[in-house]
Structure formats: structure tokens, C-alpha cells
Q: 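Let me give you the structure first, and then I'll get to my questions.
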Amino acid sequence: MLKIILMYNSTYTIQYLIVIFFTKKALQSILKEISIELVYLSIDKDALDKREAITAWDHGNMRLRQLLIIVKEIMKYRKISGIDICGEYPVSPMTEFEREIVTAIKKNSYANEFLVKHILHWLRKTDHDPEVLHA
């Protein structure tokens, strides 16, 4: 399974684009080779499978738990300066009660809550500041 991770430096510019085959061992190996210590993670839900989140863009095939494994592994090896979660489905007042929109909002709300809950738990268990999460 192919995955892509963007790592940002402290000025929020892309420092590394990592394309890996999804294994913990491969991710750990790559992270050990990267010299930057402070990273900003931007989690875009359009990388997720449609079963996990609905966005207005093409979808990836990553499951929420796979994404969490990657985030957790990065947090083991790097200091996190910030995390954001983006990729909401566009909603307007004229369409917010349509079935498709309501389904997207519910699914995305669940994904957001799931990610925030687990990431905050790990931030609190480590020496990371929970204030770095921007969701």
C-alpha cells in the first residue's frame, strides 16, 4: 500500500515529501535519516478512503487507523510544532440538509473526533504540548 507524508519545517514550508510503502519499519528507517527535529503535520482527509471521510476531492485509500499509526510513529521520533486536520466537504446554507451533505458532515465529524481523540491522547502521554493540535 503506497502512502505519502509531507513533513514541514518550523517556517511551515515543505521540508520533505516521503513516499513509502506502508510499514512501521520503513517509516522508522526513513525518519531516522531525516535531520530535522521539529515537524508540522497537516492531515488532509482526502487521503482517506471514502468509507472514512467524504471530501470534494479525489480520495485515497488510507483507513483512519493506518493514518494514526503513521502519526504515532512520527511523534515517537520528532518534536511536533503543530498539527492541523483539513479537508472538509463544502457546505452551503442552500444544501446543508441534503442527504449527501448530511452524510458527509456526519462521516467527517466522526473522522475528526476519532483523530483528535487519539492524537491528543498521544500528545499528553509524551512530552508534546496538546496545544499544537489545530482542528
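In what follows, every heavy atom counts, from backbone to side chain, and hydrogens, waters and symmetry copies are set aside.
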Q: If you measure from CG on Leu115 to CD1 on Ile85, what distance do you get to the nearest 0.5 Å?
A: 4.5 Å
Q: Kindly compute the distance separating CG (Leu68) from NZ (Lys117), expressed to the nearest 0.5 Å.
A: 10.5 Å
Q: Step through the shown structure and confirm whether more than 12 heavy atoms of other residues, nucleotides or ligands are within 6.0 Å of NZ on Lys72.
A: no
Q: When rounded to the nearest 0.5 angstrom, what is the spacing between CD1 in Ile70 and CZ in Arg65?
A: 14.5 Å
Q: Tell me the closest heavy-atom pair linking Ile80 and Leu38, and the distance in Å.
A: C-CD1, 4.1 Å
Q: Give a yes or no on whether Val71 and Val116 share a hydrophobic cluster (residues Ile, Leu, Val, Met, Phe, Trp, Tyr; joining criterion: side-chain heavy atoms under 4.5 Å apart).
A: yes
Q: Closest approach of Ser42 and Asp84, non-hydrogen atoms and distance?
A: OG-OD1, 3.0 Å
Q: Taking all non-hydrogen atoms of both residues, which atom of Leu48 and which atom of Ala53 are closest, and how far apart?
A: CD1-CB, 4.0 Å
Q: Check ring-ring contact (aromatic ring centres under 6.0 Å, His included) between Phe114 and all other residues, then give those that pass, not counting sequence neighbours.
A: Tyr110, His118
Q: Could you give the distance from CG (Asn108) to CD (Glu113), rounded to the nearest 0.5 Å?
A: 11.0 Å
Q: How far does CD1 of Ile119 sit from CD1 of Ile83, to the nearest 0.5 angstrom?
A: 5.0 Å
Q: Measuring from Met62:CE to Ile43:CD1, what's the distance to the nearest 0.5 Å?
A: 9.5 Å
Q: Of all residues at least two apart in sequence or in a different chain, which pass the side chain to side chain donor-acceptor pair (under 3.5 Å) check with Ser109?
A: none
Q: Mind jotting down which residue pairs meet the side chain to side chain donor-acceptor pair (under 3.5 Å) criterion with at least one end in residues 48-57? Sequence neighbours excluded, please.
A: Asp49-Arg51, Glu52-Arg63
Q: Under a 4.5 Å side-chain heavy-atom rule over Ile, Leu, Val, Met, Phe, Trp and Tyr, are Leu120 and Leu67 clustered together?
A: yes
Q: Does any pair with a residue in residues 96-106 pass side chain to side chain donor-acceptor pair (under 3.5 Å), and if so which ones, sequence neighbours excluded?
A: Tyr89-Glu100
Q: Would Leu64 end up clustered with Leu41 when hydrophobic side chains under 4.5 Å apart are linked, directly or stepwise?
A: yes
